[in-house]
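The structure appears right after this line, and notes come after that.
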Amino acid sequence: MAKEYRTIQEVTGPLMLIEGVENVTYNELGEIELADGQVRRCKVLEIDGDSALVQLFEASTGINLSNSKVRFLGHAMELGVSEDMLGRVFDGLGRTTDGGPEILPEKRMDINGLPMNPAARAYPSEFIQTGVSAIDGLNTLVRGQKLPIFSASGLPHAQLAAQIARQAKVRGTDEQFAVVFAAMGITFDESNYFVESFRETGAIDRTVLFMNLANDPAVERIATPRMALTAAEYLAFEKGMHVLVILTDITNYADALREVSAARKEVPGRRGYPGYMYTDLAQLYERAGRQTGKNGSITMIPILTMPEDDKTHPIPDLTGYITEGQIILSRELYRRGVEPPIDVLPSLSRLKDKGIGKGKTREDHANTMNQLFAAYSRGKDAKELMMILGEAALTDIDKLYAKFADEFEQKYVSQGYRTDRSIEETLEIGWELLRILPRAELKRIKDEYLDQYYEKK
């Protein structure tokens, strides 16, 4: 039986100080029993001698210092995991919210996870098809990779996230594929959109959803991605599944970290965020990957909204250091009706070269990708020149490049949120666009591929 303490000294906002505790450890879970028998949960943030500072998961109202009892449970926060989680919706603390029966756990896992030994990591090398041309064709996602989406407030990152979750697949295999989707600090409408979006396409059968709403406590928001990653680790490394983890919105998560840090009166770092935010984000992101000797894998797409559209803000800045690239959404493309508004030039997947080519996508993929980047970049320059000096200032070839840039945005990037393109379709659209330019301009593509694909009308 856990020892009970009636030595609560003070309650300040979401924090509570208890004195005279014994053998209590950092991150340990506790329960507060109120005078009326109501039980609330808390976790240990700090130990100083025989004093414990704990953080409450629910509101502090109604906690009477003299009548309330605290007991510590001897373990950190855990998630009961089982394959029955697929197709179910949970809140940020792992409790079912879809009206279905409780999960009967096969085992209970600490949500803080175990860091993956770098020596046990296998190098990501297999292509994941998302059905989105701007990602598959130009910034390819590879199994085991961490590829964030940098968005801004008001841009349709929710639709893109739902589209990737619905469409993502590993080609040519019958391996089990699952999606773990965690939403932090979202509105009820957004939560409803995600759940309905998965239900109507049947994708929910292979999806585990964790929904933390904007009116839930900040400490629950900090637990949500850890719950999701624990479920992903179980499915990947114990059940041999290939798991895609989508976390949205990391900015809300970082704001919750700042809120808790401010309540603890810690010395703030950049823009008021705690100095340990880099470490905290790395603990989350580095749980993705592949392990040698195990079939399963965790691929991660964290989504974050850049405050004031600023790429140098601490959250995108630190995320960029830890992850392998970024997909950037553009407000300008969004205004022009491009869906999804992915700005391909500043976007980058550092592992794309490892997941494309013969046997993975197609032998001409790398060449056409480089040529499309080069042609689009030159086309955008030509369009800028045209705006300043007028169309008469452009050479005939520059006019073709300007036409290419427009067609590229309309046909290649803009595909809507309901279109699922195979990699062959994506490559074919690329060749169709390259035929706008004379063959002599396509200097980045080998002659054998030009003979095979460019000449094919």
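Predicted model only: the values in this text are computed from it and were never measured.
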Atom pair CZ (Arg378) and CG (Asp398), whose distance is rounded to the nearest 0.5 Å: 5.0 Å
For Ile303 and Ala161, the nearest pair of non-hydrogen atoms, with its separation, is CD1-CB, 3.2 Å
Pairs under 3.5 angstrom only: tabulate donor-acceptor contacts from the side chains of residues 334-346 to other protein residues two or more places apart or in another chain.
| from | atom 1 | to | atom 2 | distance (Å) |
| --- | --- | --- | --- | --- |
| Arg336 | NH1 | Glu409 | OE1 | 2.4 |
| Arg336 | NH2 | Glu332 | OE2 | 2.7 |

Could you check whether any side-chain N or O of Thr251 sits under 3.5 Å from a backbone N or O of Thr305, counting only pairs where one atom can act as donor and the other as acceptor? yes
Please give me the minimum heavy-atom distance between Phe404 and Ala375, naming the atom from each residue. CE2-CB, 3.5 Å
Partners passing ring pair (Phe, Tyr, Trp, His ring centres under 6.0 Å) against Tyr412 (at least two apart in sequence or in another chain): Phe408
To the nearest 0.5 Å, what is the distance between CG (Leu141) and CD (Glu126)? 12.0 Å
Phe181 ring center within less than 6.0 Å of Phe198 ring center: yes
Can a donor-acceptor pair be found, under 3.5 Å and without considering hydrogens, that links the side chain of Arg258 to the backbone of Arg271? yes
Check whether Thr292 reaches the backbone of Ala122 with its side chain - one donor and one acceptor, N or O, closer than 3.5 Å. no
Short question: side chain of Gln145, backbone of Val142 - any donor-acceptor pair under 3.5 Å? yes
Is the number of heavy atoms from other residues, nucleotides or ligands under 6.0 Å of Leu104 CG greater than 12? no
Sequence neighbours left out, cut at 3.5 Å: what donor-acceptor pairs do the side chains of residues 210-217 make with other protein atoms?
| from | atom 1 | to | atom 2 | distance (Å) |
| --- | --- | --- | --- | --- |
| Asn212 | OD1 | Gly185 | N | 2.9 |
| Asn212 | OD1 | Arg221 | NE | 2.7 |
| Asn212 | ND2 | Glu220 | OE2 | 3.4 |
| Asp216 | OD2 | Leu213 | N | 2.8 |

So does Thr187 get a backbone contact from the side chain of Ser191, meaning a donor-acceptor N/O pair under 3.5 Å? no
Approximate separation, where rounding is to 0.5 Å, of Leu434 CG and Ile429 CD1: 12.0 Å
Gly416 backbone acceptor or donor facing Gln163 side chain under 3.5 Å: yes
Set of side chain to side chain donor-acceptor pair (under 3.5 Å) partners for Ser197, sequence neighbours left out: Arg166
First locate atom CG of Leu257, then atom CD1 of Ile250, and finally report the distance between them rounded to the nearest 0.5 Å. 10.0 Å
In residues 366-373, what donor-acceptor pairs under 3.5 Å come from side-chain atoms, sequence neighbours left out?
| from | atom 1 | to | atom 2 | distance (Å) |
| --- | --- | --- | --- | --- |
| Asn367 | OD1 | Lys446 | N | 2.9 |
| Thr368 | OG1 | Asp364 | O | 3.0 |
| Thr368 | OG1 | His365 | O | 3.0 |
| Asn370 | ND2 | Ala366 | O | 3.4 |
| Gln371 | OE1 | Lys443 | N | 3.2 |
| Gln371 | OE1 | Arg444 | N | 2.9 |

Do the side chain of Asp98 and the main chain of Val89 share a donor and acceptor less than 3.5 angstrom apart? yes
Starting at CG of Leu348, measure out to CD1 of Ile327 and round the result to the nearest 0.5 Å. 8.5 Å
Between the side chain of Gln167 and the main-chain N/O of Thr130, is any donor-acceptor distance below 3.5 Å? yes
Any residue meeting salt bridge (Lys or Arg N to Asp or Glu O under 4.0 Å) with Asp451, in chain and number order, not counting sequence neighbours: Arg439
May I ask you to decide if Phe237's main-chain N or O and Gln291's side chain share a donor-acceptor pair within less than 3.5 Å? no
Those residues at least two apart in sequence (or on a different chain) that pass ring pair (Phe, Tyr, Trp, His ring centres under 6.0 Å) with His313 are Tyr273
For Lys294, check salt bridge (Lys or Arg N to Asp or Glu O under 4.0 Å) against everything at least two apart and list the hits. none
Check this for me: does any side-chain nitrogen of one of Arg435 and Glu407 sit under 4.0 Å from a carboxylate oxygen of the other? no
Can you list every pair that meets salt bridge (charged side-chain N to carboxylate O under 4.0 Å, His left out) and has a residue in residues 348-360, with sequence neighbours left out? none
Any residue meeting ring pair (Phe, Tyr, Trp, His ring centres under 6.0 Å) with Phe57, in chain and number order, not counting sequence neighbours: none
N/O donor-acceptor pair under 3.5 Å between Ser349 side chain and Gly325 backbone: no
CG of Leu209 to CE of Met85, rounded to nearest 0.5 Å, is 11.0 Å
For Ser297, the side chain to side chain donor-acceptor pair (under 3.5 Å) test, sequence neighbours excluded, returns His242
Determine which pairs satisfy side chain to side chain donor-acceptor pair (under 3.5 Å) with at least one residue from residues 225-236, sequence neighbours left out, and list them in order. Glu106-Tyr234, Arg226-Tyr253, Arg226-Asp280, Thr230-Arg287, Glu233-Arg287
